[in-house]
Structure formats: C-alpha cells, structure tokens
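Step one of this worksheet: look at the structure below.
Count residues from 1 along the sequence. Counting convention: from 1, in listed order, for ligands and their atoms alike.
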Amino acid sequence: MTERGPLLAALEWQLAAGVDEVVGFEPTDRFAPPPEPRAPASPPSAPGAAPARARPAEAAPAAAKDTAAAADLDTLRARLLSFDGCALKKTATNTVFGEGPARARLMIVGEAPGADEDRQGRPFVGPSGRLLERMLAAIGLSRDEVYIANTVYWRPPGNRTPSAEEVEACRPFISRQIALVAPEVLMLTGGAAAKTLLGTTEGIMRLRGRWRSLETSGGPVDVMPTFHPAFLLRSPARKRESWRDLLAVRARLESGRP
Ligand code: URA
C-alpha cells in the first residue's frame with residue numbers, strides 16, 4: 001500500500017507552486033523532446049489545405065508567412081487551430097481566438113486566457129471580462145460591437161505570465177487579426193499587450209492614457225494603452241485613470257463618425 005504522507009506532501013507542494021487544475025488523468029512528460037518528424041505518409045498538401053505543423057524554433061517565421069496569406073478571420077482561426085509552434089497549447093483545454101465583428105471600430109487586446117476562457121474557448125469571459133463589459137457599457141458600447149482578442153491563445157498553466165518565446169510564437173496571429181479587423185481604435189489592456197504590440201519596454205503606468213500609432217499591413221491604427229481589468233479588480237482606485245482613457249477612446253470614435 002502507498003504511503004499517504006509523501007503523496008500529500010507532493011500535492012501540497014504543487015498547490016503552493018500555483019497548480020490549480022488537473023488537466024488529465026494520465027501523467028504526461030511535458031519536457032520530453034518532441035518526436036522526430038516522420039516522412040509524410042501522404043502526398044504534399046493540395047492548395048488551400050491546412051499548413052504543415054512547425055517545430056517551435058521555426059514556428060514564428062513559418063507562422064508569419066502563413067498568417068499573412070490568411071485573407072479573412074475564419075482562415076486565420078483555422079491556421080491557428082493547426083499551429084503547433086507554442087508549447088502552451090499542450091496544457092490548454094481550448095484555443096481562445098479573438099471574437100467580435102470582423103470590421104469592429106474598436107478592438108481590445110488582452111494578455112492571455114485565464115481559467116474561464118480556457119474552459120469556454122472565448123476571450124474575456126471571467127471576472128476580468130465582466131468588468132471589461134461594464135467599462136464598455138460606460139462609454140455606450142456593448143461587447144457585441146467590439147472585437148476582443150489576446151496576444152497568446154492558450155492559458156499559461158497557473159495563469160503565469162507568458163514567456164517571451166510564447167509571445168513571439170503567437171505574435172503573427174495577433175498582428176494579422178489587427179490588420180484584418182482594421183479597427184479605428186485599438187485598446188491594449190495591460191503591460192503585456194502594450195509591450196508586445198508597441199515594441200517598448202516601458203511599463204503600463206507610463207504608457208497608459210497616451211495615444212500611439214501602430215503600423216499594420218492594413219495601414220496605421222490609433223492605439224490607446226490602458227490598465228488591464230484584472231489589475232483594476234485588484235486596485236479599484238486606478239479606475240479613475242482608466243475612465244479617462246475610456247473617455248478618450250469614446251471621443252476618438254465619435255470624432256471619426258461620418
Ligand atoms: N485576461 C486576459 O488578458 N485575457 C482574457 O481573455 C482573460 C483574462
């Protein structure tokens with residue numbers, strides 16, 4: 001019979017390390033090297049077929065070429081679903097692609113899916129999402145009018161910050177979503193999204209509230225970096241600054257109305 005003491009100690013150690021979910025009943029060695037690619041069993045894919053799976057080291061350049069060729073969001077989503085260049089996919093339940101109108105005037109980008117988003121396969125559906133919806137309602141917008149996405153598409157285990165490598169692997173997919181939606185205003189919530197897309201090392205405290213411009217393959221887009229709703233839930237006193245950012249976004253959208 002197995003001793004319970006060491007097992008309990010191992011469990012407690014995992015809980016202390018931030019493990020908050022069981023992702024499978026069979027143990028998986030996630031550090032094992034990926035199997036060597038085998039010679040293709042079938043002939044080369046036909047035009048329009050799903051792209052070949054990239055190994056992580058070559059993932060970003062391969063994905064960049066692939067995403068640039070995606071002419072619409074459905075094609076881009078299909079390419080993301082068959083993309084294997086980000087290790088986070090292995091531990092996630094669902095892929096969380098962006099959602100909203102394909103030509104939304106406002107696009108919002110967050111960092112990464114959390115537990116609720118991972119379960120439902122949709123961005124911003126947990127506590128942060130509920131606050132985001134209230135923030136949008138305060139400037140007269142409903143969630144359905146806005147395109148909402150993240151910089152990475154799979155929940156990092158224990159909600160840790162995605163690594164630079166994970167963000168880089170996923171970057172072509174957020175860049176292409178922005179170019180395809182071509183919003184009038186892009187609101188970046190939190191330091192991770194702002195740093196990733198603006199290519200800066202400045203923190204969100206300095207970045208927020210100041211308009212920036214982002215060059216995309218669809219033309220320049222006005223960008224407003226602001227606090228992440230999860231930060232506002234922890235620090236409600238910062239909602240005052242967030243409100244100013246939202247008013248600036250609303251004014252920009254109103255000034256662009258025909
Ligand atoms: N936080 C994010 O940055 N994105 C989500 O989708 C949910 C929480």
Chi angles and distances behind the side chain to side chain contact (heavy atoms under 4.5 Å, CB included) call for Thr95, Phe83
CA-CA 10 Å; Thr95 298; Phe83 174 68; over 6 Å; no

contact_flag Ala230 ligand 1 heavy-atom lt 4.0 Å
no

for atom 8 (C) of ligand 1, nearest protein heavy atom and its distance come out as Ala112 O, 3.8 Å

Of Glu99, Arg105, Gln177, the residue whose pairing with Tyr147 passes side chain to side chain donor-acceptor pair (under 3.5 Å):
Gln177

Which ligand 1 atoms does Pro123 reach within 4.0 Å, using its non-hydrogen atoms?
6 (O)

What is the closest protein heavy atom to atom 4 (N) of ligand 1, and at what distance does it sit?
Asn150 OD1, 2.8 Å

Joint cluster assignment, Phe124 & Met224, ILVMFWY side-chain distance < 4.5 Å
yes

Tell me whether Leu141 shares a hydrophobic cluster with Phe227, the cluster being built from Ile, Leu, Val, Met, Phe, Trp, Tyr side chains joined at under 4.5 Å.
yes

If we only consider heavy atoms of Arg122, is any one of them less than 4.0 Å away from an atom in ligand 1?
no

Going through the checks in order, is the side chain to side chain contact (heavy atoms under 4.5 Å, CB included) test met by Leu207 and Leu188?
CA-CA 10 Å; Leu207 287 171; Leu188 304 178; over 6 Å; no

For Gly110, atoms of ligand 1 separated by under 4.0 Å from a heavy atom
3 (O)

Please could you name the atoms of ligand 1 that His228 approaches to less than 4.0 Å, counting only its heavy atoms?
1 (N), 2 (C), 3 (O)

If you draw the axis of the six-membered ring of Phe173, does the NZ or CZ of Arg79 fall within 45° of it and under 6.0 Å from the ring centre?
no

Those atoms of ligand 1 less than 4.0 Å from some heavy atom in Glu111
2 (C), 3 (O)

